[in-house]
Amino acid sequence: MRSATITRKTNETDISVEINLDGTGSYSNETGVGFFDHMLDQLARHSLIDMVVRCSGDLHIDDHHTVEDVGIALGQALSQAVGDKKGINRYASCLLPMDDALVRAALDISGRPFLIWNVDLPTAKIGTFDTELVREFFQALSTHGGLTLHVDQLHGFNSHHIAEAAFKAVARALRDALETDPRKADAIPSTKGTL
């Protein structure tokens with residue numbers, strides 16, 4: 001099974017992450033940040049990655065360290081679980097509508113982290129959640145997961161819908177990219193022979 005467990009403890013956060021790439025999208029995410037937990041639930045459900053996240057962070061300061069460090073730990077878990085990347089589709093994209101929002105995510109599980117973020121969340125907050133942290137999460141996930149990730153907002157005026165569409169679009173793209181290519185199940189998807 002393609003699974004991983006990561007623990008990360010700093011002066012700011014204490015995190016444990018368990019994932020199974022070949023799951024059914026079951027989840028149990030508890031970070032102390034309600035909206036972020038909701039987004040992690042969406043990420044698990046729509047990627048079909050089983051996910052358990054526990055984080056105790058310095059929320060008396062703000063949510064930044066919690067969100068960023070969970071992104072780091074999830075990226076590390078993803079990188080560990082996918083292993084040598086043998087047999088995966090590697091590339092995938094998703095164009096995802098959610099009411100007023102339309103978000104496109106395209107990714108390459110390349111081992112070369114790069115984030116392009118063309119998303120404009122029109123409000124500074126969703127409830128008490130700082131909307132700038134959506135990008136921070138995906139930056140950390142991309143960097144530590146070795147993902148080339150492009151996220152583009154095509155439409156949208158509701159910050160909640162835009163953010164949720166971004167998480168769901170990335171989830172669906174991850175689901176497809178991580179699937180085994182039945183025609184090349186024993187091959188690394190690169191002419192280099194390694195990723």
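These figures come from a predicted structure and were not determined experimentally.
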Item checked: Side chains of Ile88 and Pro189 in contact at under 4.5 Å (non-hydrogen atoms) -> yes
Item checked: Inter-residue atom distance His38.NE2 - Ile126.CD1, 0.5 Å rounding -> 9.5 Å
Notebook entry, point to check: Hey, is the main chain of Thr31 close enough, under 3.5 Å, to the side chain of Asp37 for a donor-acceptor pair?
Noted result: yes
Next item on the list: Could you check if a side-chain atom of Leu43 sits within less than 4.5 angstrom of a side-chain atom of Ile49, using non-hydrogen atoms only?
Entry: no
Checklist line | Pairwise side-chain contact, Thr7 with Ile15, heavy-atom cut-off 4.5 Å (strictly under) | finding: no
Check: Atom CG in Asp69, atom CD in Glu12: separation rounded to 0.5 Å?
Finding: 6.5 Å
Check: Out of curiosity, does Val134 fall in the hydrophobic cluster containing Leu59 (side-chain heavy atoms, cut-off under 4.5 Å, transitive links)?
Finding: yes
Notebook entry, point to check: Is there a side-chain contact between Glu136 and Glu132, using heavy atoms and a 4.5 Å cut-off?
Noted result: no
Notebook entry, point to check: Would you find a donor on one side and an acceptor on the other, under 3.5 Å apart, between the side chain of Asp14 and the backbone of Lys9?
Noted result: no
Check: Which atoms form the tightest heavy-atom contact between Ser142 and Leu147, and what is the distance?
Finding: OG-O, 2.7 Å
Next item on the list: Check whether more than 12 heavy atoms from other residues, nucleotides or ligands sit under 6.0 Å from atom CG of Asp84, and answer yes or no.
Entry: yes
Item checked: Trace of the side-chain contact (heavy atoms from CB on, under 4.5 Å) decision for Tyr27 with Arg45 -> CA-CA 7 Å; Tyr27 54 83; Arg45 173 64 182 87; 4.1 Å; yes
Check: Does Arg2 CZ have over 12 foreign heavy atoms under 6.0 Å away?
Finding: yes
Notebook entry, point to check: Is there a chain of hydrophobic side chains (I, L, V, M, F, W, Y, each step under 4.5 Å between heavy atoms) that links Val70 to Leu21?
Noted result: yes
Next item on the list: Let me know which of Leu74, Val33, Val67 forms a side chain to side chain contact (heavy atoms under 4.5 Å, CB included) with Leu40.
Entry: Leu74
Note to self: Does Lys125, at its NZ atom, have more than 12 non-hydrogen atoms belonging to other residues, nucleotides or ligands within less than 6.0 Å?
What the structure shows: yes
Checklist line | Candidate pair Leu154 and Leu95, rule side-chain contact (heavy atoms from CB on, under 4.5 Å), full reasoning | finding: CA-CA 9 Å; Leu154 282 71; Leu95 186 62; 4.2 Å; yes
Item checked: Hydrophobic cluster membership, Val82 vs Phe138, 4.5 Å side-chain cutoff -> yes
Next item on the list: Please check if Leu115 and Ile109 belong to a single hydrophobic cluster, counting links between Ile, Leu, Val, Met, Phe, Trp and Tyr side chain heavy atoms closer than 4.5 Å.
Entry: yes
Margin query: To the closest 0.5 Å, what do you measure between CZ (Arg54) and OG1 (Thr13)?
Written below: 15.5 Å
Check: Any side-chain heavy atom of Met51 within less than 4.5 Å of one from Val53?
Finding: yes
Check: CZ of Arg90 to CG of Leu107: how many Å apart, nearest 0.5 Å?
Finding: 11.0 Å
Item checked: Over all atoms of both residues, closest heavy-atom pair of Val17 and Ala77 -> CG1-CB, 4.0 Å
Please report, to 0.1 Å, the donor-acceptor pairs under 3.5 Å made by any side chain of residues 169-180, with sequence neighbours excluded.
none

Next item on the list: For residues Ala4 and Gln80, report the shortest heavy-atom separation together with the two atoms involved.
Entry: CB-NE2, 3.7 Å
Checklist line | Centroid separation Phe35 to His160 less than 6.0 Å | finding: yes
Check: What distance separates Asn118 CG from His150 NE2, expressed to the nearest 0.5 Å?
Finding: 9.5 Å
Note to self: Has Thr131 got a side-chain atom pairing as donor or acceptor with Thr123's backbone, closer than 3.5 angstrom?
What the structure shows: yes
Check: Stepwise, does the side-chain contact (heavy atoms from CB on, under 4.5 Å) test hold for Ile19 with Thr5?
Finding: CA-CA 7 Å; Ile19 64 168; Thr5 299; over 6 Å; no
Next item on the list: Output every pair passing ring pair (Phe, Tyr, Trp, His ring centres under 6.0 Å) with a member in residues 53-107, not counting sequence neighbours, ordered by first then second residue.
Entry: none
Checklist line | Hphob cluster co-occupancy, Phe129 + Met39, side-chain heavy atoms under 4.5 angstrom | finding: yes
Notebook entry, point to check: For the residue pair Ala166 and Trp117, what are the closest heavy atoms and their distance?
Noted result: CB-CH2, 4.4 Å
Next item on the list: Compute whether any side-chain donor of one residue and acceptor of the other, for Asn158 and Asp100, lie under 3.5 angstrom apart.
Entry: no
Notebook entry, point to check: Which word best sums up how the rings of Phe167 and Phe36 line up, parallel for under 30°, tilted for 30 to 60°, or perpendicular for over 60°?
Noted result: perpendicular
Check: Is the shortest heavy-atom distance from the side chain of Gln153 to the side chain of Leu102 under 4.5 Å?
Finding: no
Next item on the list: For Ile162 and Val119, work out which heavy atoms get closest and say how close.
Entry: CG2-CG1, 3.7 Å
Item checked: Non-hydrogen atoms of Leu195 and Ser110 that approach each other most closely -> CD2-O, 3.8 Å
Margin query: Counting C-beta onward and ignoring hydrogens, is there a side-chain heavy-atom pair between Asn20 and Met1 closer than 4.5 Å?
Written below: yes
Item checked: Expected output: side-chain Ser79 to main-chain Gly75 donor-acceptor under 3.5 Å -> no
Notebook entry, point to check: Roughly how far, to the nearest 0.5 Å, is OG of Ser47 from CD of Gln42?
Noted result: 10.5 Å
Next item on the list: For the pair Thr148 (side chain) and Phe114 (backbone), establish whether a donor and an acceptor sit closer than 3.5 Å, ignoring hydrogens and angles.
Entry: no
Item checked: Check: Leu133 main-chain N/O paired with Asp130 side-chain donor or acceptor under 3.5 Å -> no
